[in-house]
Amino acid sequence: MNSTTSGATSRKTSGGTGGAAEDAAGGAAADGASPAASARSLAASARRAQIVEAAIETLAESGYAQTSFTRIKERAGISSTRLISYHFGTKGELMDAVLEEVGLRAHRAITRRAEGRTTALDALTARIEAQLEWAARHPSAVRAMTEICRNERDADGTLRHGTEVTERANVDALEPILRAGQENGEFRPFDTGLMALTLKSAIDAAIVRMARPPRLTLAECVRELTTLARAVTRREP
């Protein structure tokens, strides 16, 4: 399982459902749209968000293969699958929207926790804690992202997404913190790419341990991984 961060946000985020209603309203106002047009735009954004949320829950409960427009319709409590295909022409388009939305949610939550830290070590441990906490509190979103990455395929059978995008994003988010810690003298010398990959792998393993028996608690995983991060980056006296 890949650690849940902002990998999906490397795609364009304009189609995400988080904040879509506000974007639609702002755009309509800027274009001088009528109140009726603004209301229709907001309603469409709300419907898209409803469908994406139902898709997340259906993927988490039934898996990718069993996730159909019919099941999503039933989960969303809407009258027809045509309402889904109106907003998302194909299952692939809807899966893209799910990845984008989950990635955006995770990115916002994790980045917010790491912001404003005064030391590299604080930023590193805050990011680790935030990733684990987000995964523990949003298991359906994690499962949905995993199901799509492992199963969504192009016509020729190749995986459309795989785990490479989110894996690279996780490493890219950790490396600047590690470099900053070396530059300011907090951290010992080491290869930041390898260290970022090592910490990312530890986060992945902890997410699995929280989800599968014998389960570890969130507190246990946070304690062990932040202790690990301090130990492997510490500069020798």
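A quick note: this is a predicted structure, and the numbers were derived from the prediction, not measured.
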(request) Could you tell me the separation between the CG atom of L83 and the CD1 atom of I51, rounded to the nearest 0.5 Å? (result) 6.5 Å
(request) Return the minimal non-hydrogen interatomic distance between A123 and A114, and the atom names on each side. (result) O-CB, 4.3 Å
(request) For residues T119 and L124, determine if any side-chain heavy atom of one lies less than 4.5 Å from a side-chain heavy atom of the other. (result) no
(message) Could you report the tightest heavy-atom contact between A141 and W134, atom names first, then the distance?
(response) CB-CH2, 3.6 Å
(message) Once side chain to side chain contact (heavy atoms under 4.5 Å, CB included) is applied, do any residues pair with Y86, and if so which ones, sequence neighbours excluded?
(response) none
(request) Indicate yes or no for a side-chain donor-acceptor contact from E93 to the backbone of G89 under 3.5 Å, with no hydrogens or angles considered. (result) yes
(message) According to side chain to side chain donor-acceptor pair (under 3.5 Å), does anything in residues 223-236 pair up with another residue at least two apart or in another chain? List the pairs.
(response) none
(request) Search all heavy atoms of S62 against all heavy atoms of R71 and return the closest pair with its distance. (result) OG-NH1, 3.2 Å
(request) For the pair I72 and S68, evaluate side-chain contact (heavy atoms from CB on, under 4.5 Å) and give the outcome as yes or no after the intermediate values. (result) CA-CA 6 Å; I72 295 169; S68 64; over 6 Å; no
(request) Ignoring hydrogens and angles, tell me if any N or O in the side chain of K200 forms a donor-acceptor pair with the backbone of L174 under 3.5 Å. (result) no
(request) With sequence neighbours excluded, tell me which residues meet side chain to side chain contact (heavy atoms under 4.5 Å, CB included) with D191. (result) L194
(message) Using the rule given for side-chain contact (heavy atoms from CB on, under 4.5 Å), can you reason through R160 versus D96, listing the C-alpha separation, both sets of side-chain angles and the distance that settles it, and then say yes or no?
(response) CA-CA 10 Å; R160 291 191 63 214; D96 287 348; 3.1 Å; yes
(message) Just verifying a value: how many Å separate T58 OG1 and K73 NZ, rounded to the nearest 0.5 Å?
(response) 11.5 Å
(message) With a 4.5 Å cut-off on side-chain heavy-atom distances among I, L, V, M, F, W and Y, is there a chain of contacts connecting I78 to V98?
(response) yes
(message) One thing to verify: whether E100 and R48 come together as a salt bridge, which I'm taking to mean a side-chain N less than 4.0 angstrom from a carboxylate O.
(response) no
(request) Starting at CG of D154, measure out to CG of L159 and round the result to the nearest 0.5 Å. (result) 9.0 Å
(message) R137: which residues meet the salt bridge (charged side-chain N to carboxylate O under 4.0 Å, His left out) condition with it, sequence neighbours left out?
(response) E133
(message) Under 3.5 Å, is there a donor on one side chain and an acceptor on the other for R47 and Q50?
(response) yes
(request) State plainly whether one hydrophobic cluster holds both L216 and L132, where clusters connect Ile, Leu, Val, Met, Phe, Trp and Tyr through side-chain heavy atoms under 4.5 angstrom apart. (result) no
(request) Only counting residues at least two apart or in another chain, list the ones meeting side chain to side chain contact (heavy atoms under 4.5 Å, CB included) with E147. (result) L59, Y64, R143, N151
(message) Let me confirm one number: the CD-OG1 distance from E74 to T81, rounded to the nearest 0.5 Å.
(response) 10.5 Å
(request) Could you tell me which non-hydrogen atom of L178 sits nearest to which non-hydrogen atom of A196, and how far apart they are? (result) CD1-N, 3.6 Å
(message) Counting C-beta onward and ignoring hydrogens, is there a side-chain heavy-atom pair between M95 and L99 closer than 4.5 Å?
(response) no
(request) Test side-chain contact (heavy atoms from CB on, under 4.5 Å) on I56 and V102 and set out the steps. (result) CA-CA 9 Å; I56 290 171; V102 171; 3.9 Å; yes
(message) Between H107 and G103 (side chain of the first, backbone of the second, donor and acceptor by atom type, cut-off under 3.5 Å), is there such a pair?
(response) no
(request) Write down the atom of E186, the atom of A120, and the distance for their closest heavy-atom approach. (result) OE2-N, 2.7 Å
(request) Taking R127 for its side chain and T111 for its backbone only, find out whether a donor-acceptor pair lies under 3.5 Å. (result) no
(request) Quick one: do V232 and M195 satisfy side-chain contact (heavy atoms from CB on, under 4.5 Å)? Show the steps, please. (result) CA-CA 9 Å; V232 299; M195 184 64 74; 3.7 Å; yes
(message) Could you report the tightest heavy-atom contact between Q131 and I203, atom names first, then the distance?
(response) OE1-CD1, 3.7 Å
(request) Measure the CG-CD distance between L94 and E152 for me, rounded to the nearest 0.5 Å. (result) 9.5 Å
(request) Could you list the residues that satisfy salt bridge (charged side-chain N to carboxylate O under 4.0 Å, His left out) with R75, not counting sequence neighbours? (result) E61
(request) Measure the shortest side-chain to side-chain distance between R215 and R209 over non-hydrogen atoms and say whether it is less than 4.5 angstrom. (result) no
(message) Rounded at 0.5 Å granularity, tell me how far OG in S85 sits from NZ in K91.
(response) 14.5 Å
(request) May I ask whether F190 and I177 are part of the same hydrophobic cluster, defined by side-chain heavy atoms of I, L, V, M, F, W, Y residues being less than 4.5 angstrom apart, directly or through others? (result) yes
(message) Donor-acceptor pair, distance only, cut-off 3.5 Å: does the side chain of Q182 make one with the backbone of R179?
(response) no
